[in-house]
Amino acid sequence: EMFADAANAQNNGAYELAIEQWNKMIADFPDHPLSASARHFLGVCYQEKEPPEYGKAIDAFRMALKDPTLKAREEALSHLGWALFQTGVAQEPADAELLGECVKVFSAFLEKYSDSPSADKALFYAGEAEARLGKSERAISFYNQLIQNRNMAQSTLRPDAMFSLGLSYEEAAQRKLAIENYESFLAAYSNHSLATNAMVRLAELALQTDQIEKAVARFRSVVERPDLQQMAIADYVLYRYAFALAKSGQFSQSSDVYQQLAERFPSSPYAAKAGLAIGQTLMRDKKYDEASRALNRLLVAKDDQAVEASHWLCQIAMLQNRAKDAIPIAREALQWASKWDPKAMAPSTLAMVTSLRMDLADGLFATTEGKAEARKLYEQIAVEAPDSPVGPRATYNAAFAALQAGDHAEAQRWSEAFAKRFPNDELAPDVAYVRAESLLQLSQFESSATAFEQLVRSAGKHPSLTSWELRATTAKYLAGDFDAAAASATAILNRSLEPALAAEAWYLKGASLLKQKKMQDAVQAFESSLKANSTWAQADETLLLLSQAYDALQEKTQTRNALERLL
């Protein structure tokens, strides 16, 4: 009679009353032959009530399944797997233990009841559980069993399994299979609620594989749908569409889409990023005034985005040859950002603050009065943030600033520090030049010549290659190796050179010949230097040495002419 009353309450949807009666029967008759069924139905009631109490349902199903005589074992296993899945995914992060048990329960169900009407549900949610556990390959296996089973062709879970299969292929870095799967999904279920998501995933995969135009086309097909405004991911779609447009070089259109995002979805987290993206996109389109207006609007918030906006405003100033204008922008942003706790900052924000410090240093270095402060800033960044994106450049700038200031020992120290920290950085050749030049200025001529020669061998097609070869020649000359200096200059002169470089090469050859007392050859070299470029940086020295060569040859008139030209 108690069993019948509880069952009647359950059938009429009175789950609270049914739960009370099932619990009373179990408490009063724990060993009754129907107690296992009572526990099963109790679990169903906990699962069906609003809101569901999955935890109590799990306990009830577990107890029911302990009885080998339970007639509803098939249903109980299915219900238990479902309750475990719902409980496992409801937690943040997902409960790995419950999801693992869910997979075991559904696997046991499929082993015994593979032809059950609930087999599709068992396959799908076992796959979902494995996917959330990060076991993509095992999830793929479950999804494929459902999709490829002809008896499940009409399952309502089949399209969901196909979409989830695509996601799992992505997780497993099997992009080709993911693309094929999403395309098959769209061919079979073009009107399904997940069709838009599949189109978006295909667009994202096109971006990942650098098929930018295809990505733009796929995003556009979603954006142009009349129901875009009602889509749950509409703001995300617009955000990524704008990004794809920018990647394809369509900066103006990208900026327009970012603007649409901000206007149509003002409360979206992507809209919050749109203002910054608009500024960056306009900047890439070289619309610097418009970009500045967009970025300036973000500064009032004095938040993470304001820091980044300040950085890009500084970069615009640099690009417009207004480096000095970056100084107040960077100073103001750094002033309010300095109140934040560095330990609490996101890594990206911390990196952006460091970039702002570089912007300030670069702005200062562009001025006569700011070079000393800039040098100090470069050194601080190099010491405090060597692993930041600007760490290598800060170290190089510290070396270069020291060289420009005439502090050659410090220039050498910073250049050697760079070589140890960043041997493979693209600035390595430029830093090697600073080291070689510092050695030259410190009168360590042989070491300098060796350093320049090493630099030349490793520089490839660097635009400063010929200049560095000439500095190596200078070092050899100053070291007293006049034969080597003359030979080096001659080798350089066998190439096509800019006038100033040709003038320098002839000068070095002439100076070396003069030291070797080959006066006639020296005269010819000096005259060739002046013919190549009579106003190059050392044209005065060239004339002076030319007069000395003529004087040694007793050519008094030519000596006088050379000195008058010098005067």
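Given the structure is predicted, the values throughout are model-derived calculations rather than measurements.
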> Distance from L427 atom CG to F422 atom CZ, nearest 0.5 Å?
Replying inline: 10.0 Å
>> I'd like to check F85 versus L99 (side-chain heavy atoms, cut-off strictly below 4.5 Å). Are they in contact?
In response: yes
>> Whether the side chain of N23 engages the backbone of I19 through a donor-acceptor N/O pair (distance < 3.5 Å, no angle test) should be reported.
In response: yes
>> With rounding to the nearest 0.5 angstrom, report the OG to CE distance, S35 to M25.
In response: 6.5 Å
>> Taking K420 first and then E416, would you say they form a salt bridge - that is, a charged N and a carboxylate O separated by under 4.0 Å?
In response: no
>> Under a 3.5 Å distance rule, please check whether R132 uses its side chain to pair with a backbone N or O of A94 as donor and acceptor.
In response: no
>> Can you tell me if K49 has over 12 outside heavy atoms packed within less than 6.0 Å of its NZ?
In response: yes
> Is the backbone N or O of A385 less than 3.5 Å from a side-chain atom of S388, with the two atoms forming a donor-acceptor pair by type?
Replying inline: yes
>> How long is the straight-line distance from OG of S255 back to CD of Q259, given to the nearest 0.5 Å?
In response: 6.5 Å
>> Let me confirm one number: the OG-NZ distance from S107 to K112, rounded to the nearest 0.5 Å.
In response: 15.0 Å
>> Is it the case that the side chains of E332 and W336 hold a donor-acceptor pair, with the cut-off being a distance below 3.5 Å and no angle test?
In response: no
> If you draw the axis of the six-membered ring of Y396, does the NZ or CZ of R393 fall within 45° of it and under 6.0 Å from the ring centre?
Replying inline: no
>> Determine whether R175 and E170 satisfy the following criterion, salt bridge (charged side-chain N to carboxylate O under 4.0 Å, His left out), listing intermediate values before the conclusion.
In response: CA-CA 6 Å; R175 290 175 180 164; E170 287 193 64; over 6 Å; no
> Under 3.5 Å, side chain of D95 to main-chain N/O of E97, donor-acceptor pair present?
Replying inline: yes
>> Does the plane of the ring in F3 sit parallel, tilted or perpendicular to the ring in F41? Use 30° and 60° as the thresholds.
In response: perpendicular
>> Apply side chain to side chain contact (heavy atoms under 4.5 Å, CB included) to residues L186 and L202 and explain how you reach the verdict.
In response: CA-CA 10 Å; L186 289 171; L202 281 169; 3.6 Å; yes
> Can you tell me how far NZ of K247 sits from CG of L207, rounded to the nearest 0.5 angstrom?
Replying inline: 7.0 Å
> Do the side chains of V44 and Y15 get nearer than 4.5 Å, heavy atoms only?
Replying inline: no
>> Does Q229 form a side chain to side chain contact (heavy atoms under 4.5 Å, CB included) with F265? I'd like the steps, not just the answer.
In response: CA-CA 9 Å; Q229 197 73 18; F265 302 96; 3.8 Å; yes
>> So Y143 and E128, do their side chains get closer than 4.5 Å, heavy atoms only?
In response: yes
>> Side chains of D304 and T349 only: does a donor on one sit below 3.5 Å from an acceptor on the other?
In response: yes
> Which pair of non-hydrogen atoms, one from H40 and one from F61, has the smallest distance, and what is that distance?
Replying inline: O-CE2, 3.3 Å
> Just wondering, do R293 and E290 contact through their side chains at under 4.5 Å, heavy atoms?
Replying inline: yes
> Can you tell me if CD on E111 sees more than 12 non-hydrogen neighbours from other groups inside 6.0 Å?
Replying inline: no
> If only atom types and distance count, is the side chain of Y182 paired as donor or acceptor with the main-chain N or O of L167 below 3.5 Å?
Replying inline: yes
>> If you compare all heavy atoms of F251 against all heavy atoms of T281, which two are closest, and at what distance to 0.1 Å?
In response: O-CG2, 3.0 Å
>> Minimum heavy-atom separation for A18 and Q10, please, with both atom names.
In response: CB-N, 3.7 Å
>> Does E204 have more than 12 heavy atoms from other residues, nucleotides or ligands lying within 6.0 Å of its CD?
In response: yes
>> Before you tell me yes or no, could you show the steps for E183 and R218 under salt bridge (charged side-chain N to carboxylate O under 4.0 Å, His left out), namely the whole-Å CA-CA distance, both residues' side-chain angles and the distance that decides it to 0.1 Å?
In response: CA-CA 12 Å; E183 288 175 342; R218 290 195 184 280; 3.5 Å; yes
>> I'd like to know if the side chain of N181 and the backbone of Y169 have a donor-acceptor N/O pair within less than 3.5 Å.
In response: no
>> Determine whether a donor-acceptor pair (N or O, by modelled atom type, separation under 3.5 Å) exists between the side chain of S310 and the backbone of A306.
In response: yes
> What pair of heavy atoms forms the shortest contact from A215 to A203, and how long is it?
Replying inline: CB-O, 3.5 Å
>> With a 4.5 Å cut-off on side-chain heavy atoms, are S37 and L70 touching?
In response: yes
> V223 and V237: which non-hydrogen atoms are nearest, and at how many Å?
Replying inline: CG2-CG1, 3.7 Å
>> So does Q305 get a backbone contact from the side chain of D303, meaning a donor-acceptor N/O pair under 3.5 Å?
In response: yes
> Does some side-chain heavy atom of L157 sit less than 4.5 Å from a side-chain heavy atom of M152?
Replying inline: no
> D341 and K343: salt bridge (charged side-chain N to carboxylate O under 4.0 Å, His left out), yes or no, with the steps?
Replying inline: CA-CA 5 Å; D341 180 3; K343 295 179 181 177; over 6 Å; no
>> With rounding to the nearest 0.5 angstrom, report the CZ to CE distance, F29 to M2.
In response: 6.0 Å
> Taking it one step at a time, do K24 and E20 satisfy salt bridge (charged side-chain N to carboxylate O under 4.0 Å, His left out)?
Replying inline: CA-CA 6 Å; K24 183 169 177 26; E20 182 181 338; over 6 Å; no
>> Tell me whether S190 contacts the main-chain N or O of A187 through its side chain, where contact means a donor paired with an acceptor under 3.5 Å.
In response: no
>> Working note: Q21 + L17, criterion side chain to side chain contact (heavy atoms under 4.5 Å, CB included); need CA distance, chi angles, decisive distance, verdict.
In response: CA-CA 6 Å; Q21 292 178 336; L17 177 59; 3.9 Å; yes
> Is the closest side-chain donor-acceptor distance between E137 and Q174 under 3.5 Å?
Replying inline: yes
>> Could you report the tightest heavy-atom contact between S78 and S118, atom names first, then the distance?
In response: OG-CB, 4.0 Å
>> I'd like to know whether F185 forms a ring-ring contact (aromatic ring centres under 6.0 Å, His included) with H192, so could you lay out the CA-CA distance, the side-chain angles of the two residues, the decisive distance to 0.1 Å, and finally the verdict.
In response: CA-CA 9 Å; F185 174 92; H192 193 275; 5.7 Å; yes
> Is there side-chain contact between D362 and N397, with at least one heavy-atom pair below 4.5 Å?
Replying inline: yes
>> Taking D67's backbone N and O only, do any of them form a donor-acceptor pair with R39's side chain (distance below 3.5 Å, no angle check)?
In response: no
>> With a 4.5 Å cut-off on side-chain heavy atoms, are L42 and Y46 touching?
In response: yes
>> Could you check whether E101 pairs with R62 (Lys NZ or Arg NE/NH1/NH2 to Asp/Glu carboxylate O, under 4.0 Å)?
In response: yes
>> side chain to side chain contact (heavy atoms under 4.5 Å, CB included) for L295 and I316? Distances and angles first, verdict last.
In response: CA-CA 10 Å; L295 294 167; I316 288 172; 3.9 Å; yes
> Quick one: are the ring centres of F243 and F219 less than 6.0 Å apart?
Replying inline: no
